[in-house]
Structures are given as C-alpha cells and as structure tokens.
Amino acid sequence: MSKSTRWDSKENESKQLPIYRHKAKLVQAVKDSTFLVVTGETGSGKTTQLPQYLHEAGICKNGKIGITQPRRVAAITVAQRVAQEMQCTLGREVGYQVRFDDCTSQDTVVKYMTDGCLLREVLADPVLSQYSVVILDEVHERSLSTDILLGLLKKVLMDPANATKGRSFPLKVVVMSATLEADKLSAFLSNCPVFAIPGRTFPVTCTFGTAVGPKDTESTGYVKEVVKMALDVHTSEMAGDILVFLTGQSEIERACDLLYEKAETIDYRYDVQDQTVEGLLILPLYGSMPTDQQRQIFQPPPSGIRKCVVATNIAATSLTISGIKYIIDSGFVKQLNHNSRVGMDILEVVPISKSEAQQRAGRAGRTSAGKCFRIYTKEFWEKSMPEYTVPEIQRTSLTAVVLTLKCLGVHDVIRFPYLDCPEERFILGALKQLYQFDAIDRRGKVTRLGELMVEFPLHPGLTRALLKAASLGCEDLLLPVAAMLSVENIFIRPGHPEKQKEADKKHRALAAKSGGTNDFATLLSVFQLCKSSDRPSAWCKDHWIHWRALKSAFSVEIQLKDILHRLQQKRDFPVEKFDGNKSELFRRCLCTGYFTNVARRSVGKVFCTMDGNGSMVHIHPSSSLFDEEVELNWIIFHDVLVTSRVYIRTVCPIRYDWVKDLLPKLHEVDAYELSSVARQEVTDEEMIKWETREAAKRQPEVSTEDIMKKLEKRNDETAVSDARARYLQRKQQRQQNKAL
DNA sequence: GAGCACTGC
C-alpha cells in the first residue's frame, strides 16, 4: 500500500467520526465566545479532531493550541495519532509534553500535554501568552490539576483587567467533558454555550445482583460473589471476554486463585452454553504489576478460549482492553481520603458512585453491544452509592495547591472560583501547615522560602527538608531520599509465605547495611547501592526491590537536582553552617520537614503524636525500628497507614533537642485564626488582638491540657470527645505507672 | 507482627 492511499483511508476514517458533520459550526462556536463547553462520549473524535479543525481554520496564527489530558499515556498516544493524521513528524507542528519527556519544538502549534504540565507553565506565565486556545479535556474526571486550571482560567479571563494584561490577543478556552457535567460547567463559566456531539458506543444492558445490600458497605464477601458470577457468565453466556472490577492486589490474587480452582472442574461437554467456548484464561491486572506481565492482557486469547481479566480501577480509565463484552462490577473501589481532623491520608474501601458504575459498564460497549453484571442490589445502588464521585480537590491535602495558588497571586484561597469548593477546614489546614513550614508568614503572604518551595514537584514537608539540606551543603543526602519517597513503594513483598520470608530477609539486610535504625537512611543506601551496581535491574531482582519504581526515582532525583541547581544560581539562596557528624546532620534536615510528624514513646511500640491530636500510632513491622531494642523515645515518620491498627512507616529516631524549638510552632497558630489571614480581611486592630492572644498562649512547653483547651474552643464535638477520651486514658496510664 | 487504588508535576 502506498503512503498516500494509507493516508486517504485515515482521512476517510476521520470523516466518518460523529464530530465531522459539526466541523464548521464548532469552529465558529470557538471563535464566537471566550469559553465553550464541548460534550461527547468516547468515540466522538473530539480529542483528536477539534485541535485539527482549529489549526486548519488558522486560529494558531497568534499562538499555540494546547490540549490537556489527565494522563501521560493519553497525551502521548493522541499526539502520535494526530501527527500521523496531519502527516507531520511528531515533535514538529504536533507535539506533546509530559514530565521527563518534552517532544515539542519551535514549530509546535498543536501541543498535547498533561494537566499538571500546563499548571507548571501557568506558574511561569500566568496569562499563557504563548497560547491562542487552551482545551481542557476529560474535565469530568475532575483531576486536581484540571480543577485548579479551570478556576484559574475563569479568574483570569472573567476579569477584563486580566484579559488583556500581558497578551496582545484574546485567549479562548474550550472545556471538554462527558455529557453528565455539561450544565454545571456551563453555569460555572457564566453560562457559556454548550456544544454536544453524539457518541459512537454500543448499548450495554445492566443487571443487579443479590449479594451486596446497603448494609454491606464494609464487607469483603464480594470477592466470592464476583467469582461465582464470573463462572456463571463463563458457562451461560456467548463468547466474549470478561472484565472484573475489584479493589486491590491481594483481593485480585485471591479471586484469581478461586477462579483457577473452580474453572478446572468445568466439563466443557455439558456445562457450557456456547459450544465454541473451550476454556478460560484468567489474568490479574493492577498498577504495580511488572509491565511485561501487563502487556499480556492486551493480546487476544487463543481461539476458543475466553479471557477473564480481574482488575483494579486501572481498567476503568487508564487502560483499554479490546474484546470485552461482559463486565462484573463489585461496586467498590479503594480511595485515598484526606482526614483534616487528624491531618492524615487514609486509604479506604468505599462504594463507587453511580457515574463510576456507568463508566465501568461502558467498558463492555466499545466494539459491540455488551452486558454488565452488578453483584450489588438495586437498593444498594439507590441507598449507598452517591451520584458522583467526590472530586479529588475535596478529598486530598491541599498544602501544595494552596502554595501554588498563593504564588500565582491568589491570596484569597477560600473564595477562589472552585468548581466544587473544598471544605474550609481543608484549606485552613493547608494554610496552617504552610505557616509551620515557613512557606507563608502570619499574614498569609508567601515567603522567600515559599517561593523556592513551589518550584519542587514534592510534598511541602519533603521540600522543606531538602532545602534545609541544600542550605547546609548536604543535599546529596536528601535528594535521593526525596526521590524515593515520591515514587511508589520500592520494597516488593510477594504473596507466597516462602518468598515473603526471603524478601523480608533481604530487606532487613539492606537496612542493617545503613545502620539498621533509620528507614530514611535505608532508602538512601538502596538508591546508592543500586545506582553503583553493574547490573541494576538484576540487583533489584536479587534484593526484592521494585526496579521500575527505582528507575523512576533515579529520574526524579535528576529532576530535583536540576531544579535545585537552577535555584542556587540565584543570589539569595540561604546558606547555613553546621558542626556535627553526618548521621546527625541527615536527621536534623529531616526534622525540619517532618516536625509535624513527631511522636513520643508511650508504651512499648506505641507512640503518641505531638500534633495536637495526640493520636496513638504503632511502628509498622516493615520498619527497621520494629524489632530494635535500643532506647527510642522520640521519632519522626513519613506516613501513616490505617489497617488493623494505625501504623507509621518510614521512621527515624531523633533527639528531643532537635525539635524542641520547632514543636511550639505546631500549636502556635490555630486554624481558626488563620481563617482571617486566608481571606486577607485582617485589619491592624485584629492583627494586634491576635498577636496579643498568641503571646499569651505561648508557653515553654505545650501540655496536653493546653491542647485540650484549644480543641474545645474549636467547637468540634467529635474532636473534643475523642481527645478527652485519649487524655483520660493517658492520665490513667500515668497514674498506673506511678503506682508501679 | 505486616494487607498500597489510581493519577500527576
């Protein structure tokens, strides 16, 4: 086939897309208004075609067309396809930019990118002077970055003073979403026009089951039910692959084991409805699985064999498997929720939303009509499942977001135009933490340190520790640690008990090599050992270390180092001196970033946090401090894991002296007082009043009683009663100790 | 004495 005919067929293909008939009207609609909402289900062609139409219409003579995607792979693959359709080399007229991979050039006019990348660009150029059109795609997914971009663009463009500032021509914004959220988006963007494009998907019939009722919101019995249903489908439905949705790795492995076991007993002569079906291929799928094993999922099964993929939510949006005709939906998902009261992120299993259930069902109708079997009852659907998934911005810690906004000149972070407002206490919590890290001052203004911090793609605490290390000239200790802590868990723990023992032994040995009492030091040593190894991937395999994760830690470390060196070129980068040994230096730097996560020994392996909540936490058995006998009274920790207990992982022993001056800062500013700072409504009088109160409150050592008083003032009943219960418990314990 | 979904900069 010659090149031109191949392209002709591509062109015909794109002419058959539902969007093609609306080409002229769509281009006109973009020209006519500042904001435009475009809706269309998957398969309408909006992502690949609209940028081409706008390019053809000459809209990019002033500047680029930028299209955001919530995921890297989407940005890359769509750019590849569009470059092919436009017959140009990828990276020239059509390009993409994602973290660690910039495939654009001077000529690039159609630029696909991740939403996070565009947000970074806004930080450097708030009016996006390089762009003539910005298209936000997949807005219904409500990713954190997309939500922030939406608010920023609204704020910039709705204010006529901003619209022309720094720009010589107007910016157009197109917001693309699935049908459901269209009206809400239009209303948000001052009732801008909505352009609806019909989709091109096949019908999926859904049925409800009997296994999970509204009272079973926390049961895990659904694994068995899901397996039963999968076998039922396999034996009674016509040929076509099955996709099962569960919540996590261990659950998936359990389900697969059960399926193998039961599938063996099937007699294909009598048990199976469709006689062309002669076997079942069972495949697990989850994010931390090795990539080559993931690839297997996409290969079509041998003739006569039905494929059954048992997956996490990764199969809902990130990966598309062709040939799926049947969906089995457990109705649950694992979700990370921020709890502002205890200041912790907790990963929990929760019922999915109705819109998410529809999204899952839709995975069966990509190539032909399909069926979706929900194992939960209609009553569960009505009573336990919310209409929509709570957007990320209402579920996560906002510390980094608030700093970003403040650096963009948005001082009033409470009345910022959010599509859905986060709870005020989430914002106040973020402000409090930024203040504790010296990123903002008492009036809520970004400090010099805050300006440096915003440059790093890290959690603010980690950034704080890194900057401290840099000012002391020991950044080489912290850069790898920061990189290791910002990628997925690098320690592999297999399911089988024998291998588990072996992996644990290797991990313990690695910890021992770095002293055996500091998990952060272990991370540093793993990073260094692997990096200096001749065959790093083999080294990882031998030590039960996740090679893919470590590889990305290597890239992150390089990126962080680049950012740091760039900032150090500037004149006023802080420089300090320190006399002491390396281990102390290392741990002191960590303290600067983790003094919000200090805990003191209570009894045995139980520690008590010092953040005002006084929560009881346990050292996780994976920590090298778990079976350490040495006297540890004070520790800092990286994160919390709530399972059968409240566990802290990645732990490091410290001395009270190192944090004693920092600790009062934890109680110095109550979130309530910061609320006025957040709004920038403080008058001088208020400020003086506040300062006086603060001065009165400042005491050499913070006692539990003080924390109690503060909590009571907050009028947060649960917090108070929880804290009181804990306080009484501790008091009792002290008395018992005294008696002994 | 162990249970981490998924993205993204």
Side-chain angles (χ1 to χ4, degrees), chain A residues 68-75 97-102 113-124 138 141-149 220 245-254 285-289 311-319 330 332-337 345-350 352 356 389 391-392 395-396 400-401 403-404 454-460 463 483 486-495 497 500-501 503-504 507 546 549 552 555-556 559-560 562-563 604-605 618-623 626-627 639-645 647-650:
Chain A
T68 68
Q69 294 291 323
R71 281 172 297 281
R72 294 165 57 98
V73 259
Q97 187 187 353
V98 297
R99 190 184 189 182
F100 306 130
D101 191 1
D102 183 357
M113 63 218 286
T114 48
D115 49 6
C117 265
L118 187 64
L119 195 55
R120 284 277 143 188
E121 274 191 44
V122 177
L123 220 40
E138 313 282 10
E141 285 190 28
R142 306 297 306 277
S143 81
L144 189 58
S145 299
T146 296
D147 265 20
I148 299 295
L149 282 168
T220 46
F245 281 105
L246 282 173
T247 70
Q249 178 177 345
S250 62
E251 221 172 79
I252 286 168
E253 277 164 1
R254 197 150 52 91
L285 173 65
Y286 46 83
S288 61
M289 225 166 71
T312 60
N313 236 18
I314 194 170
T317 49
S318 310
L319 299 176
S330 66
F332 289 95
V333 70
K334 226 174 244 180
Q335 201 172 63
L336 192 70
N337 291 317
D345 290 331
I346 299 170
L347 191 67
E348 49 193 348
V349 174
V350 294
I352 57 171
E356 211 172 339
T389 307
E392 205 184 348
R395 288 189 284 118
T396 48
V401 168
L403 182 60
T404 307
V454 80
E455 299 287 331
F456 292 89
L458 291 175
H459 293 298
T463 313
S486 63
V487 301
E488 53 186 319
N489 189 8
I490 57 147
F491 297 104
I492 298 172
R493 194 149 197 275
Q500 214 167 68
K501 257 188 188 168
D504 290 350
H507 294 162
H546 212 295
S552 52
S555 328
V556 174
Q559 188 192 26
L560 296 178
D562 286 348
I563 296 170
K605 288 180 179 96
H618 298 249
I619 293 191
H620 193 270
S622 68
S623 167
F626 184 77
D627 32 32
D639 65 348
V640 182
L641 181 67
V642 183
T643 51
S644 52
R645 279 177 170 169
Y647 285 109
I648 48 172
R649 286 179 311 177
T650 321

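Convention: sequence-line order gives letters A, B, ...; per-chain numbering from 1.
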Rounded to whole Å, please give me the gap between [atom1] in [X] and [atom2] in [N].
| X | N | atom1 | atom2 | value |
| --- | --- | --- | --- | --- |
| A:F332 | B:dG3 | CZ | P | 20 Å |
| A:N313 | B:dC6 | CG | C1' | 7 Å |
| A:R254 | B:dG3 | CZ | P | 15 Å |
| A:L560 | B:dC9 | CG | P | 13 Å |
| A:R395 | B:dA5 | CZ | P | 15 Å |
| A:N489 | B:dC6 | CG | C1' | 16 Å |
| A:N337 | B:dT7 | CG | P | 18 Å |
| A:L118 | B:dG8 | CG | P | 15 Å |

Are A:E251 and A:K334 close enough, and set up right, to give a salt bridge (Lys or Arg N to Asp or Glu O under 4.0 Å), and what steps lead you there? CA-CA 11 Å; A:E251 221 172 79; A:K334 226 174 244 180; 5.7 Å; no
Nearest to the side chain of [X] - [options]?
| X | options | value |
| --- | --- | --- |
| A:Y286 | B:dG3, B:dC9, B:dC6 | B:dC6 |
| A:I314 | B:dC9, B:dC6, B:dA2 | B:dC6 |
| A:C117 | B:dG3, B:dC9, B:dC6 | B:dC9 |
| A:R71 | B:dG8, B:dC9, B:dA2 | B:dG8 |

So [X], base contact, sugar-phosphate only, or nothing? Heavy-atom distance under 4.0 Å.
| X | result |
| --- | --- |
| A:Q249 | sugar-phosphate |
| A:D504 | base |
| A:L347 | base |
| A:R99 | base |
| A:T114 | sugar-phosphate |

Evaluate the side-chain proximity of [Y] to [X]: yes if any heavy-atom separation is below 4.5 Å, no if none is.
| X | Y | value |
| --- | --- | --- |
| A:V487 | A:H546 | no |
| A:T317 | A:E141 | yes |
| A:V556 | A:R99 | yes |

Please determine whether a side-chain nitrogen or oxygen atom of [X] lies at a distance below 4.0 Å from atom OP1 or OP2 of [N].
| X | N | answer |
| --- | --- | --- |
| A:T317 | B:dC6 | no |
| A:R72 | B:dC9 | yes |
| A:T312 | B:dC6 | yes |
| A:H620 | B:dG3 | yes |

Nearest-nucleotide check on DNA chain B, A:L336 vs A:P457; residue mapping nearer the 5' end is A:L336
Assert: residue with more 5' nearest nucleotide on DNA chain B, out of A:H459 and A:L641, is A:L641
Rounded to the nearest 0.5 angstrom, the OG1-CG distance for A:T312 and A:L319 is 8.5 Å
Distance col, row A:R71:CZ vs A:T114:OG1, nearest 0.5 angstrom, shows 11.5 Å
